[in-house]
Each structure stands twice: as structure tokens, then as C-alpha cells.
Amino acid sequence: MVESQSILGDAMPVKLVLRDKEYEVKAGMTLLDAMKKSNIVPESVIATRDGEMITEDEILKDGEVIKLIAVISGGAG
Amino acid sequence: MKCKKCGGKASVNMRQHRLALCKEHYLEWIPEQTERFIKKYHMFTRDEKILVAVSGGKDSLALWDILIRLGYEADGLYLGLGIDTSTSLSASGGIEYSHESQRLSQNFADEHNLKLHVVDVEDEYGYSIPVLSAISHRGHGKPCAVCGLAKRHEMNRIARDLEYDVLATGHNLDDEAAVLFGNTLYWSSEYLLRQGPVLPAADGLARKVKPLCRFYEREMTAYALARGIEYIYEECPFAEGSQQIFYKETLNQLESVRPGSKLTFYLKFLEAKQRGDLFIETNIERAHLHPCSQCGQPTSAPDMCSFCRMIEKAEITTE
């Protein structure tokens with residue numbers, strides 16, 4: 001957390017969780033900008049906040065966790 | 001972002017359609033569109049018996065869910081492939097993939113009181129897919145080629161043995177676009193001419209249909225989540241690094257910059273195929289060149305070449 005604050009200022013970072021990876025971004029930006037900053041292709045995920053799907057224009061709030069669900073499958077159909 | 005239908009908070013945004021919908025309207029929209037595609041491509045009617053190939057994945061379970069909601073008579077077929085992490089090349093999953101996908105398929109059938117046929121490849125033929133792959137030396141060390149071959153063979157056999165009118169699979173637009181992309185890269189004309197939403201029945205072959213072929217993979221994930229369908233989220237352990245996934249990722253990069261690219265790629269292909277524009281000698285005749293009436297350079301346009309028409313238009317506009 002201390003390290004995150006030194007990079008991100010006083011605001012609590014937002015966590016984007018995709019499978020076993022976590023990305024920290026600044027609160028206050030849109031989900032779309034956060035994904036772009038994290039090099040996540042928006043087309044390849046569905047974003048959820050507290051289990052509900054959200055669109056990419058959502059503004060990310062202090063300290064929240066956004067779960068990203070990968071959509072690409074190559075096995076099950 | 002607001003739902004286009006009710007003005008409430010949108011849950012899904014489909015940039016290629018410039019359409020955002022709330023969860024409730026999205027759950028209505030997907031079946032409505034599926035019905036439209038079933039009719040547009042003459043896939044089947046309500047009098048016909050449908051066998052849905054289910055794998056426990058989001059697409060096939062969503063397809064089964066949609067068909068039942070639309071009032072079609074649809075049973076499921078699950079093929080046990082014998083894939084688990086101990087038989088995979090990259091043990092990243094940590095689950096017994098086939099067992100879990102069968103459990104989820106059976107759960108779905110039980111919850112909705114549906115009939116699920118379960119056929120285990122090893123029980124039928126004595127070998128699981130990974131073992132069959134190792135023995136047959138097909139597929140360069142990966143069982144995907146053998147898996148595809150066995151699935152096509154068994155699905156067709158069972159659909160015919162059990163006298164179903166049609167076999168439906170959960171292929172989505174990303175699946176179709178990835179196959180199209182691969183076949184285009186190699187100009188595999190035979191495969192290109194065979195690809196489409198419907199493969200008509202032929203001697204010994206059941207009719208095969210893909211009712212979800214115009215939905216993005218992202219849309220089917222959203223449908224499964226919104227509907228609360230429990231599906232297998234883990235990748236097939238053999239899928240990691242596959243060519244199909246690479247093509248999908250590549251097309252998604254394109255889609256992110258140019259929304260609608262994947263849809264256009266697939267639909268324009270279907271249109272060209274329907275018109276008979278693909279790999280037909282008459283195209284060469286149609287592309288007959290003659291001199292432009294303005295500059296004399298060769299053109300296929302009836303009078304002036306495209307460049308001269310552009311200049312003429314520019315001159316008229318700026319006069």
C-alpha cells in the first residue's frame with residue numbers, strides 16, 4: 001500500500017483482477033482508460049463490480065476491486 | 001451509459017451495434033436476435049428435433065438455454081473426451097477439465113429438466129482423446145486436431161443414430177471469424193467455400209447449424225453471466241497458445257480500434273459467398289479492363305477510372 005501511494009498519490013488505488021493477475025490504477029478514471037493503461041484489450045473481457053456487469057464508461061471509485069472476466073475460449077464451446 | 005430501450009443503467013455496451021442495454025433488456029434481446037438468425041438462415045423449425053452439442057462452456061449452455069426459452073425441442077449431447085490436467089502438456093488448470101465440464105452440463109440439464117445424452121469416447125473406443133492423439137501422432141504433439149475430428153465424427157453419428165433433424169453447436173462470431181481468418185491467411189478455398197451458419201444435410205451427414213454465429217464471444221459471456229448460467233471458466237488445458245486463440249486475440253486488437261471489424265469481416269464473407277463471388281472464374285471476366293475515357297489508363301469502371309471520377313467530383317465541388 002505504501003508503495004502504491006508513492007506512485008498514485010493519496011487516493012486508494014483501484015484493483016483490476018483478471019484471472020490470477022492484478023493491475024492497480026488510479027481512481028477517477030474511466031474503466032476504458034484503466035484497461036488501456038493496463039494493456040488489457042477491452043474486447044477480451046467483461047467487467048463486473050460487486051458481481052454486476054458494468055460498461056467501459058464507468059468512473060472507477062477509490063479502493064474498489066473490478067473483476068474482469070476473460071471471454072476468449074478455445075476449448076469448451 | 002444508458003439502456004437504449006428503457007433509459008436505465010446499461011450493463012452491456014455493443015459498440016459494433018451502437019447499442020447499450022440493461023441486464024433485463026439484454027436478456028430479451030439475445031433470444032430475439034437468435035430467433036431472427038434461425039429464420040434468416042433457415043436453420044430449423046419448431047417441428048424439428050434439435051440436438052445441442054454441449055461442452056459445459058458458456059456458448060453451448062447459453063445456446064441450449066436460448067433454444068428452450070424460444071420453445072424449441074432441444075436435447076443435449078455431452079461428449080466425454082477424457083481431458084484432465086494430468087494428461088495435458090501444460091498443467092495450468094488444476095481441475096479435471098472433462099469431469100468438471102460434464103458436471104456443469106449435467107447440472108444445467110437437471111436444473112431445467114432437460115434430456116442430456118452423455119457419450120464417453122474412451123468407453124466407446126477404448127482411448128481418451130489425449131491417448132488417441134499420442135498413439136496416432138496427429139496434430140504435432142497437441143490433441144486438438146484429434147479432438148476436433150472425434151467430436152465431428154461422434155456428433156454426426158449420434159445425431160443420426162438418435163434420429164435428430166439437426167445438430168446445433170455454440171460457435172460464436174469470434175469462433176467463426178478466427179476460422180475465416182486462418183483459412184484466408186492460407187487461402188484454403190475448399191474450407192472457405194464450406195464455412196457458413198448452416199451445413200446442409202448430405203449423404204450420411206446430419207444438418208449442422210450455428211445459431212450464435214453472429215454474436216461476439218463477449219456477448220455470449222455477458223448472456224451467460226446475466227442469466228446466471230454456471231459454466232466452465234477454465235480454458236481447456238490444451239488450448240493455451242493455440243492458433244485459434246492467437247487469431248481471436250489478433251482480431252480483438254483490430255476490433256478495439258475499429259468496432260465492428262469482426263462482424264463485417266464475417267458478414268461480408270457470407271455475402272460474397274452467397275453471391276458466388278468467391279473463387280469463381282467469371283470474376284475474371286467481370287474484372288475486364290478497358291481504357292479510361294479521360295486518362296487512358298486501364299480501368300474496370302464503365303467509363304472513367306476511379307481517379308478521374310474523383311478529380312472530376314473535386315473540381316465540380318470546388319467550382
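Each chain gets a letter, A, B and so on, in the order the sequences are listed, and its residues count up from 1.
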Chemist: Give, as side chain, backbone, both or neither, the part of B:N252 having an atom under 4.5 angstrom from any heavy atom of chain A.
Modeler: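 For B:N252, backbone and side chain are both near chain A.
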
Chemist: Can you say whether B:Y216 sits under 4.5 Å from chain A via the side chain, the backbone, both, or neither, judging by heavy atoms?
Modeler: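 Side chain only.
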
Chemist: Pair A:S73, B:D59 - check side chain to side chain contact (heavy atoms under 4.5 Å, CB included), show working.
Modeler: CA-CA 9 Å; A:S73 77; B:D59 302 296; 4.2 Å; yes

Chemist: If you count the non-hydrogen atoms of other residues, nucleotides and ligands that lie under 6.0 Å from NZ in A:K36, is the total more than 12?
Modeler: no

Chemist: Using heavy-atom distances under 4.5 Å, tell me whether A:A47 contacts chain B through its side chain, its backbone, both, or neither.
Modeler: neither

Chemist: Given a strict heavy-atom distance threshold of 4.5 Å, which part of B:E219 is in contact with chain A: side chain, backbone, both, or neither?
Modeler: neither

Chemist: Flag the one option from B:C147, B:S256, B:P259 with the top tally of heavy-atom pairs under 4.5 Å to chain A.
Modeler: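 With the most close heavy-atom pairs to chain A, the winner is B:S256.
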
Chemist: Testing the basics here: between B:R218 and A:E43, what is the closest heavy-atom pair and its distance to 0.1 Å?
Modeler: CD-O, 3.4 Å

Chemist: Is the backbone N or O of A:M53 less than 3.5 Å from a side-chain atom of B:K23, with the two atoms forming a donor-acceptor pair by type?
Modeler: no

Chemist: Are any side-chain N or O atoms of B:N13 and backbone N or O atoms of A:T55, one a donor and one an acceptor, separated by less than 3.5 Å?
Modeler: no

Chemist: Carefully, step by step, assess A:I72 and B:D174 under the rule side chain to side chain contact (heavy atoms under 4.5 Å, CB included).
Modeler: CA-CA 8 Å; A:I72 292 179; B:D174 291 52; 5.6 Å; no

Chemist: Classify the side-chain pair B:S11/A:E52 by whether it contains a donor and acceptor separated by less than 3.5 Å.
Modeler: no

Chemist: Does B:E249 form a side chain to side chain contact (heavy atoms under 4.5 Å, CB included) with A:V41? I'd like the steps, not just the answer.
Modeler: CA-CA 9 Å; B:E249 287 170 347; A:V41 178; over 6 Å; no

Chemist: Can you list the steps and then say if A:E58 with B:K9 is a salt bridge (charged side-chain N to carboxylate O under 4.0 Å, His left out)?
Modeler: CA-CA 11 Å; A:E58 283 284 322; B:K9 190 175 166 59; 2.2 Å; yes

Chemist: Looking at B:R258, I'd like to know if its CZ atom is crowded, meaning that more than 12 non-hydrogen atoms belonging to other residues, nucleotides or ligands lie closer than 6.0 Å.
Modeler: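 For B:R258, atom CZ is not crowded (no more than 12 foreign heavy atoms under 6.0 Å).
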
Chemist: Quick check on A:I69 against chain B: is it the side chain, the backbone, both or neither that has a heavy atom closer than 4.5 Å?
Modeler: both

